[in-house]
Amino acid sequence: MFYIKDASEYIGKEVKIRGWLYNKRSSGSIKFLLIRDGTGIMQGIMIESELDPQVFSKFDDLTQESSLKVTGTIREDKRAPGGYEITIKDVEIYQIADEYPITPKSHGTNFLLDHRHLWIRSKLQNAILNVRSELIQAIRDYFYQNGFAMVDSPILTKAIGEEAATLFETDYFDLGKASLAQTGQLYAEAAIFSLNKVYTFGPTFRAEKSKTRRHLIEFWMIEGEEAFYDNEMNMDLQEDLVEYFVQRVVERAHQHLETLERDISALEKVRKPFYRISYDECVEILKKNGSPIEWGQDLGGEDQTILSTHYDKPVFIYNFPKHAKAFYMKEHPENPDLVLCSDLFAPEGHGEIIGGSQREDDYDKLLNRIREEGLPEEAYGWYLDLRKYGSVPHSGFGLGLERTVGWVCGIEHVREAIPFPRLINRIYP
RNA sequence: UCCUCGGUAGCUCAAUCGGCAGAGCGGGUGGCUGUUAACCACUAGGUUGCAGGUUCAAGUCCUGCCCGAGGAGCCA
């Protein structure tokens, strides 16, 4: 089957394009159809003097997004968008589309989100979804090539993970309430004792009442977990992974990045080593740049923006205060107020894309932290077991896919980085 | 939950001091032999988010509510 992206291989040949009408123009007895087939957009020409009148008149019936099959010869022509065009010999119509809501002029976000099922057909959204697809493939390939096993963590769980206030609950037969997973990490930790290095790749759910450009209710997370890795090695791994997938997208999705008018030179700078700054240093830098942050607090949205505009490459902030971070992070051996962890911030104002840490591997210390945080001890029985039967130092991290897609594509809001975003006040379409 | 901004034609927006409800796109009709979000002419299209109030007169001012956007908190 012929696809528009392969046009250069078909010059002078007769082909059939199956697709949808993107737009049309006419100047009387010469008419232009812009046809898209998901791989590209190609201009078709209909010339009255060279066409059967019955075929020529089909132009008038065609509406935006009508589905059609055109037969014709591919030619190179500088006047055509994309450099190639098809001289049409025949037009077969699958369906005449109803009046299409998304016109070739500008629309507001609310309207576009209401029509997300149609919006994804547009040029920029198509490019974003293509980059997302390339990115996912690159991440999977990286893990495969580096000896990681893929494990699937459960989506229905007993409340265990991040925070009880942000759980989606559902009835689970005679066993009370279950909730949708907020993370697969704890299960990934169990899996390293079987497989050594693992990653999970799945949807996660957080019922946070967040309305910011960085938040989705349902988002996809990639979580690496590595036996016998300390926090330093964990950062080395993240750095290597991020460099790999960014460079691979630059290489294989170049055209889509150009469609998005992404500054590709900024992505080409994403090479090891990244910057690494301790939390202590970070607080000093932020204070100098006018942040009201005090030692002991986690970084706010404004702080993230300051940091990620300050550097031209991703930057790690490591070793946060214990009480700003999750219970499972390992206490710093020389300073019990700190934990061994790191957040990775993407440059150009895009903010946090990874949170990682070395995990607490000492049974008593972990139990202590669970009690300090007032977590339901009984739900963590199996997780504590991992510290009883051959506990080892280990580390891991979670990469937010949509934030990463947003950064690589250079788009403002994560809601465009996923085909059908789930937002606090939106579950349609 | 809190703060800020917004809601006018299918869509994007305008409407001066409170004084006749407007334009572009999209739809319809006609024209044009190389168009590039084509262009030109004509045309149809309105419960100004909802409910009250002030006024001779409200899209505009006041009160309440609904909906949306951005941000805070929280996080990937």
Side-chain angles (χ1 to χ4, degrees), chain A residues 22-34 41 43-51 56 59-60 63-65 75 77-83 85 87 97-115 118-119 122-123 161-166 182-185 202-223 238 292 297-305 324-326 343-346 350-356 397-407 412-415 417-418 423-426:
Chain A
Y22 192 70
N23 201 352
K24 67 175 185 178
R25 295 185 270 272
S26 160
S27 84
S29 53
I30 180 162
K31 296 182 187 297
F32 302 89
L33 297 176
L34 282 176
I41 297 175
Q43 174 167 280
I45 326 174
M46 304 172 82
I47 298 167
E48 186 168 30
S49 57
E50 297 171 16
L51 266 184
F56 190 74
F59 178 91
D60 298 327
T63 54
Q64 191 187 351
E65 287 303 312
R75 286 192 305 106
D77 194 311
K78 281 179 191 157
R79 291 169 295 187
E85 62 184 18
T87 307
D98 280 4
E99 192 180 325
Y100 194 63
I102 301 176
T103 65
K105 289 280 174 177
S106 66
H107 298 279
T109 311
N110 192 32
F111 177 81
L112 289 169
L113 284 172
D114 279 342
H115 295 86
L118 305 176
W119 186 23
S122 68
K123 215 190 297 183
E162 306 282 314
E163 225 195 307
T166 61
Q182 296 176 308
T183 169
Q185 179 202 314
T204 49
F205 308 87
R206 301 204 183 160
E208 289 169 1
K209 293 192 173 175
S210 297
K211 287 178 69 180
T212 81
R213 75 180 110 98
R214 295 187 297 278
H215 287 86
L216 292 169
I217 300 305
E218 177 182 308
F219 67 98
W220 289 70
M221 189 149 68
I222 297 97
E223 295 177 284
Q238 293 165 45
Q297 296 173 342
D298 206 348
L299 309 183
E302 184 60 24
D303 298 324
Q304 293 195 25
T305 307
K325 289 292 179 183
D343 286 349
L344 182 67
F345 294 86
H350 284 276
E352 185 177 355
I353 56 168
I354 296 182
F397 62 91
L399 170 76
L401 179 63
E402 287 73 19
R403 287 184 182 177
T404 305
V405 171
W407 164 47
E412 276 300 304
H413 204 300
V414 288
R415 67 189 160 208
I418 186 168
L423 303 168
I424 180 170
N425 47 8
R426 184 176 293 282

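Note that this is a predicted model, so its numbers are computed, not measured. Throughout, protein chains are lettered first and strands after them, A, B, ... in sequence-line order, and every chain is numbered starting at 1.
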In whole angstroms, how far is the [atom2] atom of [N] from the [atom1] atom of [X]?
{"X": "A/E302", "N": "B/G71", "atom1": "CD", "atom2": "P", "answer": "11 Å"}
{"X": "A/F59", "N": "B/G31", "atom1": "CZ", "atom2": "P", "answer": "13 Å"}
{"X": "A/Q185", "N": "B/A76", "atom1": "CD", "atom2": "C1'", "answer": "12 Å"}
{"X": "A/L299", "N": "B/C74", "atom1": "CG", "atom2": "P", "answer": "11 Å"}
{"X": "A/D60", "N": "B/G28", "atom1": "CG", "atom2": "P", "answer": "10 Å"}
{"X": "A/E65", "N": "B/G10", "atom1": "CD", "atom2": "C1'", "answer": "17 Å"}
{"X": "A/D298", "N": "B/A72", "atom1": "CG", "atom2": "P", "answer": "13 Å"}
{"X": "A/E99", "N": "B/C25", "atom1": "CD", "atom2": "P", "answer": "15 Å"}

Considering only [options], which nucleotide approaches the side chain of [X] most closely?
{"X": "A/H215", "options": "B/U35, B/C75, B/U33", "value": "B/C75"}
{"X": "A/Q304", "options": "B/G71, B/G34, B/C75", "value": "B/C75"}
{"X": "A/S26", "options": "B/C32, B/U12, B/C75", "value": "B/C32"}
{"X": "A/R25", "options": "B/C75, B/U35, B/U33", "value": "B/U35"}
{"X": "A/F111", "options": "B/G34, B/C11, B/G26", "value": "B/C11"}
{"X": "A/E85", "options": "B/C75, B/U33, B/U35", "value": "B/U35"}
{"X": "A/T212", "options": "B/G34, B/A72, B/G26", "value": "B/A72"}
{"X": "A/R213", "options": "B/C25, B/G71, B/C75", "value": "B/G71"}

Return no unless some side-chain N or O of A/T103 is found under 4.0 Å from OP1 or OP2 of B/C25. no
Under 4.0 Å between a side-chain N/O of A/R214 and OP1 or OP2 of B/A72, yes or no? yes
Need one value for [X]: base, sugar-phosphate or nothing, where a base atom within 4.0 Å counts as base even if backbone is also close, heavy atoms only.
{"X": "A/N23", "value": "sugar-phosphate"}
{"X": "A/I222", "value": "nothing"}
{"X": "A/I45", "value": "base"}
{"X": "A/I353", "value": "sugar-phosphate"}
{"X": "A/S49", "value": "base"}
{"X": "A/P101", "value": "nothing"}

Roughly how far, to the nearest 0.5 Å, is the CD atom of A/Q238 from the CG atom of A/L399? 8.5 Å
To the nearest 0.5 angstrom, please state how far the CZ atom of A/R214 sits from the CD atom of A/E412. 11.0 Å
If I pick the [atom1] atom on [M] and the same atom on [N], what distance separates them, to the nearest angstrom?
{"N": "B/G26", "M": "B/A69", "atom1": "C1'", "value": "24 Å"}
{"N": "B/C17", "M": "B/A57", "atom1": "C1'", "value": "14 Å"}
{"N": "B/G59", "M": "B/C20", "atom1": "P", "value": "10 Å"}
{"N": "B/U63", "M": "B/G68", "atom1": "P", "value": "23 Å"}
{"N": "B/U48", "M": "B/A15", "atom1": "C1'", "value": "11 Å"}
{"N": "B/C11", "M": "B/G64", "atom1": "P", "value": "29 Å"}
{"N": "B/A9", "M": "B/C3", "atom1": "P", "value": "29 Å"}
{"N": "B/C50", "M": "B/C67", "atom1": "P", "value": "15 Å"}

Can you see which heavy atom on [X] is nearest to which on [Y], and at what distance?
{"X": "A/G406", "Y": "A/A417", "answer": "N-CB, 4.1 Å"}
{"X": "A/L299", "Y": "A/Q304", "answer": "O-NE2, 4.4 Å"}
{"X": "A/Q182", "Y": "A/M221", "answer": "O-CE, 3.8 Å"}
{"X": "A/Q64", "Y": "A/Y100", "answer": "NE2-CD2, 3.5 Å"}
{"X": "A/A324", "Y": "A/D298", "answer": "O-OD2, 3.7 Å"}

Would a distance-only check, ignoring hydrogens and angles, find a side-chain to backbone donor-acceptor pair under 3.5 Å from A/D114 to A/F111? no
Is a side-chain donor or acceptor of A/K24 paired with a backbone partner of A/F59 at a separation under 3.5 angstrom? yes
Should A/Y100 be counted as stacked on B/G26, where stacking needs a ring-centre gap under 5.5 Å and an angle between planes under 30 degrees? no
Per nearest nucleotide of RNA chain B, the residue lying toward the 5' end, A/G28 or A/R403, is A/G28
With nearest nucleotides of RNA chain B determined for A/I30 and A/G108 from heavy-atom distances, which residue corresponds to the more 5′ nucleotide? A/G108
Check the pair A/R403, A/E352 against side chain to side chain contact (heavy atoms under 4.5 Å, CB included), reporting the backbone distance first and the verdict last. CA-CA 8 Å; A/R403 287 184 182 177; A/E352 185 177 355; 4.1 Å; yes
Run the side chain to side chain contact (heavy atoms under 4.5 Å, CB included) test on A/L216 and A/I418 for me, step by step, so that the C-alpha distance in whole Å, both residues' side-chain angles and the decisive distance to 0.1 Å come before the verdict. CA-CA 9 Å; A/L216 292 169; A/I418 186 168; 3.9 Å; yes
Confirm from the modelled atom types if A/E48 and B/U33 form a donor-acceptor pair under 3.5 Å, side chain to base only. no
Once pairs are restricted to Watson-Crick or G-U wobble with both distances under 3.5 Å, how does RNA chain B read as a dot-bracket string, [ ] for crossings and | for other-strand pairs? (((((((..((((.....[..)))).(((((.......))))).....(((((..]....))))))))))))....
Set out, in order, the CA-CA distance, both residues' side-chain angles and the distance that settles side chain to side chain contact (heavy atoms under 4.5 Å, CB included) for A/I45 and A/D77, then state yes or no. CA-CA 11 Å; A/I45 326 174; A/D77 194 311; 5.6 Å; no
Where does B/C17 land, syn or anti, given syn is within 90° of 0? syn
Nucleotides 64-69 of chain B: which of its N/O atoms have a protein N/O under 3.5 Å away?
unit_1	atom_1	unit_2	atom_2	d
B/A69	OP2	A/N425	ND2	3.0

Is there a side chain to side chain contact (heavy atoms under 4.5 Å, CB included) between A/L401 and A/F219? Walk through the geometry before answering. CA-CA 7 Å; A/L401 179 63; A/F219 67 98; over 6 Å; no
